[in-house]
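Position 1 is the first residue of the sequence; numbering continues from there.
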Amino acid sequence: MLFEQAYAIVDLETTGGHITRDRITEIGLILVDGENVERIEMLVNPGQPIPPFIEDMTGISNAMVAEAPAFAELAPALWQKLAGRLLIAHNARFDYGFLKNAFRRAGLAFNANTLCSVKLSRRLYPQYFKHSLDSIIERHQLVLPARHRALADAEAVYQFLCLARNELGVEPLRAAAAALLALPSVPEGMAQELADTLPDTPGVYALYAASGEALYAGRCLNLRQRVFAHYGAGTLDAKLPRIHERIAHVAWQETLGEFGAALLELQQQSALRPRYNPRARQTNELCALQLSEAGEDGFLRVSVSLARTLDFSRTADLYGLFRSPREAKKALSELARAHQLCPAILEVETVTSRKGAPCQSFKNRRCLGACCSKESAAAHNARLQSALQRLKTQSWPYAGAIALTESDEVSGESVSHVFERWCYLGSGDDVACLQGTPVFDLAIYKLLQHWLKKPVPGVTLHELPAG
């Protein structure tokens, strides 16, 4: 016997790599009890289309699975066959995660000790760099009838185990397996169910305290790796906060890509206001600097305009976007200092006690004298307009709403994110249903501006018809 308990080598073919979203199309099993070896192969109707590239890779077509039973029909008998066995698979987390989720949807709780033959190969043959199934087949010259079919791939793992026993002996094989099985499968404090279901996909996650308070919300390219890192099982980006409270609950949502994740992260932070997202907890009174017409003295003035009183997407002569009037006034003061504009004229410094007297900045050589007739209104206005240009707020460049469609080339799925006048209206497959009252949001504005300057791969833009 290779191991002291009965075991099952399993390999699955699926419609894709998303553990929770994709479905099983074929199951290959090799059940080993001592000298008794049973091989089982079954097609499964996934209840969803098989993407063309998956069909090309596996040879399993939609026509082949059309008359096959659904997993729910196979689940009771399959559960009985796997019960009590050590589950062995190449990249075991993938196959175990798919099985666990499929059994859960069928109303059955499935749990098993798992042994990953990738990790086992690394322990037994550390002199080799690659441990993919193709690499193992090549280096050990395994002979198989096919590849990328479930039973054939399970057979490759079985042949590898037998070869390792013959080359290295049963005790080293068992010792390596025991060491791997003894390693904690999940970080301390994390529920096994959470570890089993976290996907290796882009998305947004939120961490909660036992009280239900949101601690942190963020986005990432790999949900499983990032959440594990928050639990101390991995390296956490230095830019991310260290959370000292115990994480009691994790919620997440998968996205097709980076743009959708960035958009959803903004929504989550705005809705949850997590404690460790400082910007999300700020109280904002969005405003901008607005250039006014010249007064009787000929000087242009700058005022602070609030977003709730103006349509920022349509109003001309707006400069900068700020989270409070105080922040806007500070920016104007810094602009005046950097360009030697008169702070008294711009009303960011206490005006002089008498008309025509120099301001304090002129006395300190930080003003060219617009306050005391040393500089003309025309010259001051020209420098003010030039200085403000770098803060110019971009007007909405489209006639109406637009849809940014994000696509996954692997799965063929797509989702459209709809915006109008820099405001987010919603995401979905049917853009005609995504309607709402636009509300200007600074974070959304910055996200869209960034994308328009540097489009994200996999995202396309098209304008929507009026109405």
- Query: Would you call Phe322 and Leu289 a side-chain contact if the rule is heavy atoms closer than 4.5 Å?
  - Reply: yes
- Side chain of Tyr205, backbone of Leu223: donor and acceptor closer than 3.5 Å? no
- Task: List for me each residue that meets side-chain contact (heavy atoms from CB on, under 4.5 Å) alongside Ala175, sequence neighbours excluded, and say none if there are none.
- Result: none
- Mind checking whether His90 and Ile136 have side chains closer than 4.5 Å, heavy atoms only? yes
- Item | Side chain proximity check, Leu78 to Phe71, heavy atoms < 4.5 angstrom | yes
- Compare all side-chain heavy atoms of Val348 with those of Val302 and state whether any distance is below 4.5 angstrom. no
- Task: Check whether any side-chain N or O of Asn62 sits under 3.5 Å from a backbone N or O of Ile50 as a donor-acceptor pair, and report yes or no.
- Result: yes
- Task: Determine, step by step, whether Thr255 and Glu265 satisfy the side chain to side chain contact (heavy atoms under 4.5 Å, CB included) criterion, reporting the C-alpha distance in whole Å, the side-chain angles of both residues, the deciding distance to 0.1 Å, and the verdict.
- Result: CA-CA 11 Å; Thr255 62; Glu265 179 188 37; over 6 Å; no
- Message: Using the ring centroid of each side chain, check whether His230 and Tyr276 are separated by less than 6.0 Å.
- Response: no
- When you look at CZ of Arg105, are more than 12 heavy atoms from neighbouring residues, nucleotides or ligands closer to it than 6.0 Å? yes
- Message: Angle between ring planes, Phe419 versus Tyr424, binned at 30° and 60°: parallel, tilted or perpendicular?
- Response: tilted
- How far does OH of Tyr96 sit from CG of Asn101, to the nearest 0.5 angstrom? 10.5 Å
- Query: What are the two closest non-hydrogen atoms of Ala72 and Pro76, and how far apart are they?
  - Reply: O-CD, 3.6 Å
- Please answer whether the main-chain N or O of Asp22 pairs with a side-chain N or O of Thr15 as donor and acceptor at a distance below 3.5 Å. no
- Examine Arg139 relative to Tyr128 and say whether NZ or CZ is less than 6.0 Å from the centre of the six-membered ring and inside a 45° cone about the ring axis. yes
- Report the residues that fulfil side-chain contact (heavy atoms from CB on, under 4.5 Å) with Asp237, sequence neighbours left out, ordered by chain and then residue number. Lys239, Leu240
- Counting N and O atoms only, with roles assigned by atom type, does the side chain of Glu26 sit under 3.5 Å from a partner on the main chain of Ala150, one being a donor and the other an acceptor? yes
- Under a 4.5 Å cut-off applied to non-hydrogen side-chain atoms, are Glu171 and Arg174 in contact? yes
- Query: Taking side chain as C-beta onward, heavy atoms only, is Tyr398 less than 4.5 Å from Leu464?
  - Reply: no
- Message: Less than 4.5 Å apart, side chain to side chain, heavy atoms only: is that true for Leu142 and Tyr158?
- Response: no
- Message: Could you check whether any side-chain N or O of Asn45 sits under 3.5 Å from a backbone N or O of Ala66, counting only pairs where one atom can act as donor and the other as acceptor?
- Response: yes
- Near Glu188 CD, under 6.0 Å, is it more than 12 heavy atoms from other residues, nucleotides or ligands? no
- How about Thr14 and Pro46: do any of their side-chain heavy atoms sit closer than 4.5 Å? no
- Item | Any pair counted as side chain to side chain donor-acceptor pair (under 3.5 Å), so long as it reaches residues 75-87, sequence neighbours left out | Asp33-Arg85
- When rounded to the nearest 0.5 angstrom, what is the spacing between CG in Leu404 and OG in Ser416? 8.5 Å
- Message: Ring-plane angle category for Tyr445 and Trp422, please: parallel below 30°, perpendicular beyond 60°, tilted otherwise.
- Response: perpendicular
- Query: Quick one: does Glu245's side chain have a donor or acceptor within less than 3.5 Å of a partner on Ala209's backbone?
  - Reply: no
- Message: If you count every heavy atom of other residues, nucleotides or ligands that lies below 6.0 Å from Glu138 atom CD, does the total exceed 12?
- Response: no
- Neighbour count above 12 (heavy atom, 6.0 Å) for Lys119 NZ: no
